Structures are given as structure tokens and as C-alpha cells.
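Keep in mind that what you see is a predicted model, and the values were worked out from it rather than measured. Proteins come first, then strands; the chains are lettered A, B, ... in the order of their sequence lines, and each starts at number 1.
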Amino acid sequence: MSPPEAGPSTLGSGPDRAANLFAATDLTRRKLRAQRIAKYAFGAMAAAIVLPLLLILAYLLVRAWPMLSWGFITEVPANFMRGGGVWPALVGTLYLVTFSLLVAAPIGVLAGIYLNEFARDNWFTRAVNLAVINLAGVPSIVHALFGVGAFVIFAGLGKSILAASLTLAIMTLPVIIVSTKEALNAVPMAFRQACWNLGASRWQVIRTIVLPNSISGILTGLILQVSRAAGDTAPIMFTGVVFYMAVEPGTLLPYSPTDQCMALAYHLYTVTTQVQDAPEALPYATAVVLIGFVFVFNSAAIILRTRLRAKKKW
Amino acid sequence: MNADAKIQIRNLAVRYGRKESLKGISLDVPANSIFAIIGPANSGKSTLLKCINRTIELTPGARVEGQVLIDGQDTAGIRDVYGLRRRIGMVFPLPVGLPLSVYDNVAYAPRMAGGCSRADLDIIVERCLRQAALWDEVKDRLKSLGTMLSGGQQQRLTIARALSHDPEILCLDEFSIAIDPVTTMRIEDVLLELRKNMTILLVTNLVQQARRLGDATCFLNKGELVQVDRTEVIFSERPGNQVTHDYVHGVFG
């Protein structure tokens with residue numbers, strides 16, 4: 001079919017060519033089709049990630065529903081772990097995550113800044129970077145074994161909150177370093193060079209330009225590690241977590257750092273596998289509390305990150 | 001060789017790994033003049049500028065031999081390298097607005113140096129933005145982001161920033177690439193004005209710009225100094241060197 005005449009034209013070799021100048025050729029049509037396929041294929045993958053997540057959450061909530069109540073959070077376990085609540089485990093997890101983050105976050109972020117901003121590119125730096133990346137891939141059970149040797153036995157901390165927190169810190173540290181480096185690396189080099197030419201020192205440039213523009217990325221790395229520290233069972237079951245620990249219900253600071261404690265992840269494991277005749281909803285309710293804990297702990301960081309990202313300046 | 005030159009470069013050689021970027025050049029740049037540097041790509045023009053404010057030290061893999069003297073003093077021996085860099089204004093070809101407001105962009109160097117009151121900063125910011133022919137366009141949005149300006153505006157912002165710490169030496173590397181011809185002319189007029197009490201090094205690919213502005217011109221090729229002389233001589237029919245002649249008259253290569 002030939003499209004209607006589009007008037008005289010100076011382009012091409014006659015009116016036909018002029019009219020067809022912007023019509024789709026076979027090549028264009030193929031490109032458009034490829035793009036459409038790519039869009040839907042990738043979109044389907046994104047949906048395939050979100051849907052199971054929502055399904056898991058919904059399933060957990062439905063199964064946990066019979067036991068979920070305010071009392072479940074504030075009560076101590078009762079009836080030989082078959083009833084009551086999870087308060088000691090919740091507080092224990094809070095202790096472990098907070099202590100490990102207090103150790104790992106400053107060391108990890110500062111080391112990441114050093115490695116990305118100050119260290120010269122020589123064999124030593126490359127060796128450190130390689131070590132960090134490999135450490136980030138070590139399974140948590142290996143970290144647990146290291147924690148037993150280094151903190152429980154060698155440092156003489158015994159099985160305690162301190163030893164468990166340090167083990168979690170060792171486990172999260174490499175990933176925090178790597179994610180900090182990535183966040184800093186994303187700030188264009190040209191900004192640094194422009195500032196150096198203005199007589200600013202490396203530290204001044206980091207303080208005024210690099211950190212303000214990478215802090216949201218650094219926080220993202222920390223948030224992910226909070227979830228990991230709260231959820232991982234292996235490193236803490238060898239180093240400081242117990243099956244049951246009697247505490248006053250509702251007390252905020254029942255443990256001292258040298259005590260052992262209960263933890264949500266381990267509690268979930270015990271009520272699922274070690275306690276006979278536990279109500280069916282109990283493990284699910286514990287899992288909901290664990291997820292809720294991570295969510296609440298992270299929301300502060302997420303809100304902060306969203307604010308900082310809105311200020312990101314290029 | 002002139003002993004009271006502002007900048008004296010002595011046997012300066014720079015290599016990046018195996019690649020020799022400057023092969024031992026010596027130059028004198030007289031005070032209060034515009035010194036144009038021309039030459040094809042990879043001739044070492046930008047490297048030369050980096051040696052003057054010692055940012056070459058921040059370039060991974062660069063090795064420097066030879067000396068750069070400013071006012072007769074060897075820059076390698078200066079301990080306060082940040083002070084040295086503040087004596088020199090640098091403008092590079094790619095416009096880089098810092099992720100700060102327009103005002104903070106220009107106030108950055110004085111703030112990092114310290115000792116400026118808010119009122120001082122206001123005066124500096126207005127003066128530098130006027131010199132860079134940018135004031136009229138941004139005076140009502142000093143608080144908006146420098147990175148949101150157009151390419152040409154960001155380039156002029158870079159020039160304003162380079163002037164903000166009141167340098168003795170101004171190094172311009174292809175400053176007019178992103179700027180329209182009319183605005184370029186306005187900035188060139190400012191440069192001629194600044195020349196009264198500033199030494200200006202002008203790296204340019206526009207040989208006519210070198211001809212318009214340069215008091216002296218030097219021609220670099222492949223890391224070697226081919227010729228340095230008064231601009232009239234370089235651009236005359238008989239500069240005394242066939243390669244220079246061919247380059248400035250556009251029959252090079």
C-alpha cells in the first residue's frame with residue numbers, strides 16, 4: 001500500500017520516498033519487537049521476585065495468626081517452651097545486633113574509606129582487597145568456628161553475648177567494607193579532581209563532597225547486614241546463645257554483656273525441632289516477630305536514607 | 001633563560017607507566033602575561049599544567065622528573081601543597097559543577113582555606129561569577145545546584161571557581177570548548193584584563209585563540225617542545241621551524 005502523497009519534497013528521489021521517510025522499515029520493526037520482548041521478560045523476572053516474597057509474608061501471617069498478640073512479644077516462654085512469648089529472645093537479638101553493629105559499622109566504614117580513598121594501588125592494597133572479598137564469601141558456620149576459637153576460648157570471653165556479637169561483627173565486617181567501597185566508588189572521580197585543584201586536602205574532599213553523596217549507599221550496606229546478623233543462627237549458637245534463659249517479662253535490660261542470651265533465630269530453630277507438642281503457630285509467630293524486628297530496626301535507617309537520597313546532587 | 005620568569009620549567013619529564021608524556025622540556029613563563037600552549041592531542045599540554053600545581057602526584061602511575069620553579073622556588077620542596085594549589089587556578093576542558101549550590105561551588109576554595117567571613121564570601125562569589133561572565137545568568141538562583149546548570153554555564157562556573165582563591169597563576173585547558181563564541185569573547189576580554197596582575201597559561205586547540213591572546217606561544221608535539229617564541233613570530237610566515245609553520249597554518253600531518 002502506498003501512503004497518501006505528502007506534497008513536494010526536496011529529500012530523496014521523489015514523492016514516494018519523501019512520504020516513506022518516517023515509516024517503519026523491517027529493521028525498525030524488529031528492533032521495536034526485541035525491545036518489547038526484553039521489557040516484558042525483565043518485568044516478569046522482577047514480578048517473580050516480588051510475588052514469592054509477598055506470598056511468604058502472607059503465609060507466615062496466616063499461620064501465625066492464632067498466637068500473635070501483644071503478650072506474645074512481652075511475655076517469657078511458658079509451659080516448657082510451648083506457650084508464652086518471645087521477650088527474652090527478642091531482647092537477646094536486639095543486644096546481639098546492636099553490639100555487633102557498634103563494632104562492625106565504624107570499623108567497616110572507616111576501612112572502606114581508607115581502601116577506596118587513601119590506599120595506593122600496590123600489591124598490599126590488592127592483597128587486602130582480595131582478602132576482604134573472599135572473607136565476604138566465607139560461610140557463616142566457618143565464622144562461628146573462628147568465633148569459638150578466638151573469642152570464646154582464646155580471649156576468654158566464654159559463651160557470652162560479647163563473644164557472639166564479636167563473631168557476628170567479624171561475619172558482617174567484610175560485606176560492610178565492600179559495600180562502603182562500592183558506594184564511595186560511585187562518586188565521580190572528576191569531583192575529587194576538581195576539589196584537589198582548588199587546594200582541598202583529601203580529607204576535606206571526602207568530608208564535603210564524597211561522603212555526603214555516598215552516605216545513602218553506605219547505609220544500604222549496613223541495613224542489609226542488620227538483617228543478616230539478626231537472622232543468622234550458626235555464628236551465635238556456638239558462641240553465646242542458649243535454649244532457654246529465665247528473665248523478668250518486659251524488662252528492657254535483662255542481660256549483661258557477659259551473660260548468655262536467647263535469640264529469635266535460634267529460638268525459631270528450637271521450637272521447630274527440639275520442643276515436642278509445641279503449638280503449630282508458635283514457630284510462625286516467632287518468625288513474624290523476627291521479621292518485624294528487622295523491619296523496625298531498619299526503618300530508621302531507611303527513612304534516613306530516603307531523606308539523604310532526595311538530596312543527592314547529580 | 002630569564003631568571004625573573006614567574007614559572008621556570010627545567011627538564012620536566014613525565015611518564016605514565018611506559019608511556020612518556022613529556023620528554024624533558026624547559027620553558028620560562030614571564031610574569032603578567034598570557035602564555036599560550038598549542039599542540040596536537042597527546043602532546044603533553046594537560047600533563048604540563050598538572051605538574052605546575054602538583055596534582056600530577058594524585059594521578060596513579062605518573063612519574064615526574066625535573067623541576068618546576070615558581071618565583072624561583074622549586075615547587076617540589078614546598079611542604080604546604082594545598083597552599084601551592086591555591087596560588088594556581090585550574091580550569092579543565094570538561095565542565096565539572098560540584099554537587100553543591102552555585103554559591104557554594106564558588107565559595108568552596110575560600111572555605112577550605114579558611115578565614116573568610118560570610119560577607120567576604122559574598123563579595124568573592126559575585127566578583128568571580130562576573131569575571132566568568134556568568135553572574136547575570138545565575139544571580140537569581142545562587143542556591144540552585146551547580147550540576148543543574150547547562151554545560152556551558154558549568155564550564156564558566158569552573159572558571160569562576162578557579163578565580164575564587166585569587167590565584168597568581170591561572171591555567172586554562174581548553175576553557176572555551178563548551179562555551180558559545182560570543183561568551184568566549186567576553187571571557188577573553190576578562191583574561192586580557194586579568195593579565196595585568198596574573199600569569200595566565202592558556203592551552204588551546206584553537207590556534208586563532210592563541211594568536212588573539214598569547215603574548216608568547218609554545219608549540220608542543222609528542223611530549224617535546226618544538227618551539228617557544230613571541231606569538232607574532234610563531235604565527236608569522238617564517239617561524240623558523242617547518243613543523244610549527246605547518247601546524248599553525250593548518251597543513252600539519
Side-chain angles (χ1 to χ4, degrees), chain A residues 112-130 181-220 304-314, chain B residues 17 46 49-50 52-61 80-102 104-114 128 144-149 154-155 157-158 160-167 170-171 173:
Chain A
I113 293 175
Y114 175 79
L115 287 172
N116 200 65
E117 301 293 322
F118 289 99
R120 282 174 188 276
D121 184 24
N122 54 27
W123 68 268
F124 180 72
T125 314
R126 280 196 289 271
V128 171
N129 281 327
L130 198 65
K181 275 180 59 186
E182 290 303 320
L184 296 170
N185 213 7
V187 178
M189 200 61 196
F191 290 163
R192 297 182 181 83
Q193 279 159 349
C195 294
W196 292 337
N197 278 313
L198 294 168
S201 68
R202 269 181 199 271
W203 170 237
Q204 282 179 320
V205 179
I206 293 168
R207 192 165 49 79
T208 56
I209 303 287
V210 179
L211 278 183
N213 287 290
S214 57
I215 192 75
S216 68
I218 294 174
L219 280 174
T220 304
L304 188 63
R305 184 181 61 178
T306 318
R307 286 234 182 116
L308 292 166
R309 215 177 253 163
K311 278 204 290 180
K312 197 158 177 172
K313 301 211 177 110
W314 81 89
Chain B
S46 304
L49 296 190
K50 285 184 188 170
I52 292 173
N53 77 349
R54 281 177 55 187
T55 44
I56 190 81
E57 293 166 9
L58 298 162
T59 314
D80 179 15
V81 67
Y82 310 114
L84 169 71
R85 288 186 191 140
R86 278 194 292 271
R87 290 167 63 191
I88 299 159
M90 269 290 169
V91 178
F92 282 107
L94 284 179
V96 177
L98 294 175
L100 303 168
S101 73
V102 171
D104 291 340
N105 259 277
V106 185
Y108 190 83
R111 277 193 180 134
M112 292 301 113
C128 296
S144 65
L145 277 177
T147 39
M148 294 297 168
L149 298 179
Q154 286 197 42
Q155 183 62 354
L157 184 63
T158 313
R161 227 166 42 202
L163 293 167
S164 65
H165 38 98
D166 209 6
L170 181 63
C171 299
D173 191 351

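Only the backbone of B/I88 comes within contact range of chain A, judged by heavy atoms closer than 4.5 Å. Both the backbone and the side chain of A/N197 come within contact range of chain B, judged by heavy atoms closer than 4.5 Å.
Atom CG of residue B/L58 and atom CH2 of residue A/W196 lie 5.0 Å apart, to the nearest 0.5 angstrom.
For the set B/K50, B/M90, B/R87, the count of heavy-atom pairs under 4.5 angstrom toward chain A peaks at B/M90.
The main-chain N or O of A/K181 is never found under 3.5 Å from a side-chain atom of A/E117 such that the two would form a donor-acceptor pair. Remark: the backbone N or O of B/R85 is not paired with any side-chain donor or acceptor of B/R54 at under 3.5 angstrom. Side chain of A/T125 to main chain of A/R120: a donor-acceptor pair is present (N/O by atom type, distance under 3.5 Å, no hydrogens or angles).
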